[in-house]
Asks: 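I'd like to ask you about the structure that follows.
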There are 2 protein chains.
Amino acid sequence: MSTPFELDVQKVVAAIKSCLPPDRDFVGLHEPYFTGNEWNYVKECLDSGWVSSIGQYVEKFEEMLAEFTGVKRAVAVVNGTAALHVCLKLAGVEQGDEVLIPALTFIATANAVVYCGAIPHFVDSEEKTLGMDPCKLGHYLSDIAEIRGGSCFNRITGRRMKAVVPMHTFGHPVDLEPLLDVCQRFHLELVEDAAESLGSFYKGRHTGNWGRMSALSFNGNKVITTGGGGAILTNDESLGKLAKHLTTTAKVPHKWEFYHDQIGYNYRLPNLNAALGCAQLEQLPAFLEKKRALALRYREVFQNISGVRWFEEPGFARSNYWLNALLLDKDHVHERDVLLEISNVQGIMTRPAWTLMHKLPMFKDCPAMDLASAESLETRLINIPSSVFLGGTYGQT
Amino acid sequence: MSTPFELDVQKVVAAIKSCLPPDRDFVGLHEPYFTGNEWNYVKECLDSGWVSSIGQYVEKFEEMLAEFTGVKRAVAVVNGTAALHVCLKLAGVEQGDEVLIPALTFIATANAVVYCGAIPHFVDSEEKTLGMDPCKLGHYLSDIAEIRGGSCFNRITGRRMKAVVPMHTFGHPVDLEPLLDVCQRFHLELVEDAAESLGSFYKGRHTGNWGRMSALSFNGNKVITTGGGGAILTNDESLGKLAKHLTTTAKVPHKWEFYHDQIGYNYRLPNLNAALGCAQLEQLPAFLEKKRALALRYREVFQNISGVRWFEEPGFARSNYWLNALLLDKDHVHERDVLLEISNVQGIMTRPAWTLMHKLPMFKDCPAMDLASAESLETRLINIPSSVFLGGTYGQT
């Protein structure tokens, strides 16, 4: 993988710059883009007074999401973390269970496991997708797992392993078919953390449409945004109904009684935010085109630069290219921080991968497989500007 | 308390109607009111792209809240439930603790306790405030509590009792001074559930400014709204700082590294919602005047109606009159549902109190004191329309 050539950091920064508009002092990693009906819909909420949990936009947003992703039911919630929390609950994750998640992910994946009283168990990533390595996971589980009474147990810790939560890193789908195979073989539920992959498809089917439950995010830095927001996706209508119930305080509908039949959550997405989401979702196909145009421009300029490569979607995927990523060759990892420093000083926002989960103090004692590939990726990854508006001709739209 | 007179339900409905605008087919319980800078501020968010977690309105909203309530630090979060959850965490509530909360409250109070892995322990209310009865609580704790090593234990369950969470029902402050006294005597932390009491003062000092930590709500039905939102209040600056840290995923600030030093929460209020909050908060003093004007009108019309009384703020309080309440005399409780039915059919939204917490299936085995007063209030309470806009001359503003 390594190359004998020297990495020219200034050349890398110049290459990024050549894909960006020349007239901007600062280019963020992923800025929101409001060019559709955002104003109209938001103003309608204010004019009608329907800004909160009741209002037509929540339902409309859920219908549009279900249609775009092809799932039977989408439930809008307050953010992606909340979505994942409820997905895990509904997949049957209980206090004391282990949940298999990538070490290379955003903190939300691990936190959602902890909110269920469960323990994250860290899995390695593969360089092909930047996500969970199904083959390595299969071999690992063959070593440490045993099936008893239809459930999967970790022979070392004695705990039940209930679910696998791949995360589609920067929008690139993990290799879902072999992963589903592993899940079936070991009686594990597949819950997709699709927070970054709205608009990404695996073998023609949308990410988040493969697992039992899936979580989306519409944070300000995502492909589309609701300010803050998320959604639960599922093809199981009864689970979808339960997701709606649990995320709206588990209140039993009644003309005036306040009766709740179980512990629920106040995870409703306000109508105001859903209105923004509807306007954004209308533009999603156009956004994805622009993001692809930018990605192809990056691909071109990085073809002739040594020591670093632009990360291309896996062959089985059509990715949303949420965040474009560069991968340093292994013998150039020491130059990562120089590159980050120089680009950020020049007003081009870049950032490294997240600190791997097993290195954080609260997760350092959690079970983990060998994480060689994730460890390598962590030292080599750099995200570069990827906003929708950059997909025009040098950002002119 | 009971009266020999018959309750004339039609007369009660007519009395409510006489305080409402004559030209409306439907009058809700508490509708949002947007007559200030709401659109300007929200539009600014859309125009600038700052709709999400970063943006000037979150900070401005926090400063305005701290100033209005007189606390040292306010931290804006995604809703009141989230605020209460973090308040309890920071007050030191741990897995297996008991937390004393009223049986007469909204579900959020009890759920927030459960999210900490703790057990709600239900306390009776007093008719004077509709909130926690400090005198009865003191006697009860004298019976069942013992202090060991500076902590309070329940002698019956063996569990530590860590905190007391009064809720200021419909905006009416509980009797805080004797309650603080009980807390000090039994080494319990006071955490105020001030979700309903923004703008309510106890002996001249704002509710939420008495406990170690307090929670506000800006749900769509509250005095002011952010669509969905809440805030944590505290006078302890280090706790305030920690509240901000915990509610923003416990990420350690760094120019590009993603490092989190503990289990945190994605409880940030989006800038878009904070913008709405700033515009609403600017109008709060005017809103409170309108709400008082409506309350006084209700007081007047109900003075001469038998079998029911309008609930007036306790003598030590200046209440926001979030939701006006009627209290049926004890021998008219069987007419509660008739009154609810008739008023709702006529487009005047009314509703009873929440089902008491200890009657819900998930809390039925939780510890509880004698709840005679809460049980009585539950059968007799009816909330009536209380929106800000109703405070004009028959709703004309």
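Here the structure is a predicted model, which is why all the values come from computation and not from measurement. Letters A, B, ... mirror the listed sequences (proteins, then strands); counts begin at 1.
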Asks: Tell me, for B:Gln95 versus chain A, whether the close heavy atoms (under 4.5 Å) come from the side chain, the backbone, both or neither.
Replies: side chain
Asks: With chain A, which of B:Thr226, B:Val42, B:Ile263 has the greatest number of heavy-atom pairs at distances under 4.5 Å?
Replies: B:Ile263
Asks: Is chain A contacted by the side chain of B:Asn344, its backbone, both, or neither, given a heavy-atom distance below 4.5 Å?
Replies: side chain
Asks: Do you know which of A:Glu31, A:Glu38, A:Lys359, A:Glu341 has the most heavy-atom pairs with chain B at a distance under 4.5 angstrom?
Replies: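 Winner by heavy-atom pair count: A:Glu341.
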Asks: Please report the closest heavy-atom contact between A:His260 and B:Leu360, naming both atoms and the distance.
Replies: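 Heavy atoms only, the tightest pair is O-CD2, 3.6 Å.
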Asks: Which heavy atom of A:Gly228 sits nearest a heavy atom of B:Pro270, and at what distance?
Replies: N-CG, 3.6 Å
Asks: Taking all non-hydrogen atoms of both residues into account, name the closest pair between B:Asp261 and A:Met362 and its distance.
Replies: C-SD, 3.8 Å
Asks: Between B:Phe34 and A:Leu46, what is the shortest heavy-atom contact and its length?
Replies: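 So the two residues come closest at CD1-O, 3.2 Å.
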Asks: Name the option with the most non-hydrogen atom pairs under 4.5 Å to chain A; the candidates are B:Leu269, B:Val78, B:Val51.
Replies: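 Among the listed options, the one with the most contacts to chain A is B:Val51.
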Asks: Chain A: which of B:Ala110, B:Gly55, B:Gly264, B:Ala108 shares the most heavy-atom pairs with it under 4.5 Å?
Replies: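 Counting heavy-atom pairs under 4.5 Å, the top option is B:Gly264.
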Asks: Could you tell me if B:Asp47 and A:Trp39 have a donor-acceptor pair between their side chains, going purely by distance under 3.5 Å?
Replies: yes
Asks: Please identify each residue that fulfils side chain to side chain contact (heavy atoms under 4.5 Å, CB included) with B:Trp50, with sequence neighbours left out.
Replies: B:Ser48, B:Ile54, B:Asn271
Asks: Nearest 0.5 angstrom please: B:Cys45 SG to A:Leu276 CG, how far?
Replies: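 B:Cys45 atom SG to A:Leu276 atom CG measures 10.0 Å (nearest 0.5 Å).
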Asks: Please determine, among B:Asn266, B:Leu272, B:Asp337, B:Asn221, the option with the most heavy-atom pairs under 4.5 Å with chain A.
Replies: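 Among B:Asn266, B:Leu272, B:Asp337, B:Asn221, the one with the most close pairs to chain A is B:Asn266.
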Asks: Backbone N or O of B:Tyr265 within a donor-acceptor pair of the A:Asn111 side chain at under 3.5 Å?
Replies: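 Absent.
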Asks: Residue by residue, which of residues 347-358 of chain B have a heavy atom closer than 4.5 Å to a heavy atom belonging to chain A?
Replies: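 Contacts with chain A: B:Thr350, B:Arg351, B:Pro352, B:Trp354, B:Thr355.
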Asks: Which heavy atom in B:Gly49 sits nearest to a heavy atom in A:Pro32, and how many Å separate them?
Replies: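 So the minimum-distance heavy-atom pair works out to O-CG, 3.2 Å.
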Asks: Select all residues of residues 250-259 of chain B having any heavy atom within less than 4.5 Å of some heavy atom of chain A, and report them by number, or 'none'.
Replies: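 Listed by number: B:Lys255, B:Trp256, B:Glu257, B:Phe258, B:Tyr259.
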Asks: Which residues pass the side-chain hydrogen bond (donor to acceptor under 3.5 Å, both in side chains) test with B:Thr109, not counting sequence neighbours?
Replies: B:Thr105, B:Asp193
